[in-house]
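Since we're looking at a predicted model, the values are computed, not measured.
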Amino acid sequence: MGAGQALAIEGVAVAPLVEEVCRQVRGLAPDCAVSCPPAPDVTVHANRDALKQVLLILLDNAARHTPAGSAVDVRAGASVGRLTISVSDDGPGISAAALPHIFERFYRGDAARTGEGAGLGLAIAKELIELQGGALTVASEPGQGSTFTVSLPLAG
């Protein structure tokens, strides 16, 4: 996506989308213990394909940076006109020095340098969420894992 591009925004049912993404990631990363409690039966103003791509990026990162058999938890909730979807992992976490840069294009933290990828996934995810009127944030501490949270406006 380039600057100034718009996405077609529509009502997207959250529960089936989250379930589909979790099922897909379980098939692609069988060594990752993906926990996906039922999402609320709500609709968001979003682009379904873009939101799915963001969730797949977040889950792929979690699966790639979490030791085999470790937990990855996907939780969705709704309140005060917003939906939040959090992807939490038991991975190595992100250093305080790297945290401000993880959404920059081509940035790869020390732990990621030995793996695959060009350092674009999180930058793309953040841009896609912002194009939908949402936000993507992260909370992480070394040795404690990471939680990435998507926030989008509810429909209606």
Side-chain angles (χ1 to χ4, degrees), residues 1-66 68 70-91 94 99-109 112 115-140 145-156:
M1 305 254 42
Q5 288 185 310
L7 292 174
I9 303 298
E10 60 190 2
V12 176
V14 173
L17 177 63
V18 171
E19 183 180 314
E20 176 186 342
V21 169
C22 288
R23 186 174 49 252
Q24 187 172 347
V25 169
R26 285 184 188 117
L28 295 172
D31 292 339
C32 187
V34 178
S35 166
C36 195
D41 186 19
V42 296
T43 302
V44 292
H45 285 297
N47 178 285
R48 188 183 194 288
D49 292 338
L51 181 54
K52 180 178 178 179
Q53 183 178 355
V54 168
L55 296 176
L56 287 171
I57 288 168
L58 297 178
L59 282 160
D60 178 62
N61 276 356
R64 212 176 324 148
H65 297 291
T66 302
S70 295
V72 174
D73 187 45
V74 180
R75 294 197 181 270
S79 68
V80 194
R82 305 240 0 130
L83 166 79
T84 58
I85 302 173
S86 296
V87 176
S88 302
D89 65 55
D90 291 336
I94 303 165
L99 212 49
H101 304 286
I102 63 166
F103 294 114
E104 295 173 8
R105 288 184 181 271
F106 305 111
Y107 180 79
R108 297 177 72 211
E116 297 176 11
L120 288 171
L122 291 176
I124 290 169
K126 185 171 179 63
E127 183 174 351
L128 286 173
I129 289 299
E130 289 174 351
L131 286 170
Q132 297 174 81
L136 175 59
T137 59
V138 61
S140 184
S146 303
T147 298
F148 286 85
T149 302
V150 170
S151 173
L152 287 166
L154 289 172

Inset, instruction - Would you sort out whether L152 and H45 count as a side chain to side chain contact (heavy atoms under 4.5 Å, CB included), showing the intermediate values? - result: CA-CA 7 Å; L152 287 166; H45 285 297; over 6 Å; no

Legend entry - CA sep, side-chain torsions, deciding dist, call: S140, L99, side chain to side chain contact (heavy atoms under 4.5 Å, CB included): CA-CA 8 Å; S140 184; L99 212 49; 4.1 Å; yes

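Looking at S151 and T84, their side chains never bring a donor and an acceptor atom within 3.5 Å of each other. D73 and S88 form no side-chain donor-acceptor contact under 3.5 Å, judged by distance and modelled atom types alone.
When each of I94, V87, T147 is paired with V138, the side-chain contact (heavy atoms from CB on, under 4.5 Å) condition holds for I94 and for no other.
Under the salt bridge (charged side-chain N to carboxylate O under 4.0 Å, His left out) criterion, R26 pairs with no residue, sequence neighbours left out. When the salt bridge (charged side-chain N to carboxylate O under 4.0 Å, His left out) test is applied to D90, no partner is found at least two apart in sequence or on another chain.
Contact detail for A76 and P40: the closest heavy-atom pair is O-CD, 3.4 Å. Of all heavy-atom pairs between A46 and V12, the closest is O-CG2, 3.6 Å. Listed here is the closest heavy atom pair of G134 and R82: CA-NH2, 3.7 Å. The two residues Q53 and I124 make their nearest non-hydrogen contact at NE2-CG2, 3.9 Å. Contact detail for F103 and L122: the closest heavy-atom pair is CD2-O, 3.6 Å.
Evaluation of the salt bridge (charged side-chain N to carboxylate O under 4.0 Å, His left out) test over residues 49-58, restricted to residues two or more places apart or in two chains, returns E20-K52.
For the pair D89 (side chain) and S146 (backbone), a donor-acceptor distance under 3.5 Å is present. A donor-acceptor pair under 3.5 Å is absent between the side-chain atoms of Q132 and the main chain of I9, judged by distance alone.
Separation of atoms CZ (R48) and CG (L17) is listed at 5.0 Å; rounding is to 0.5 Å.
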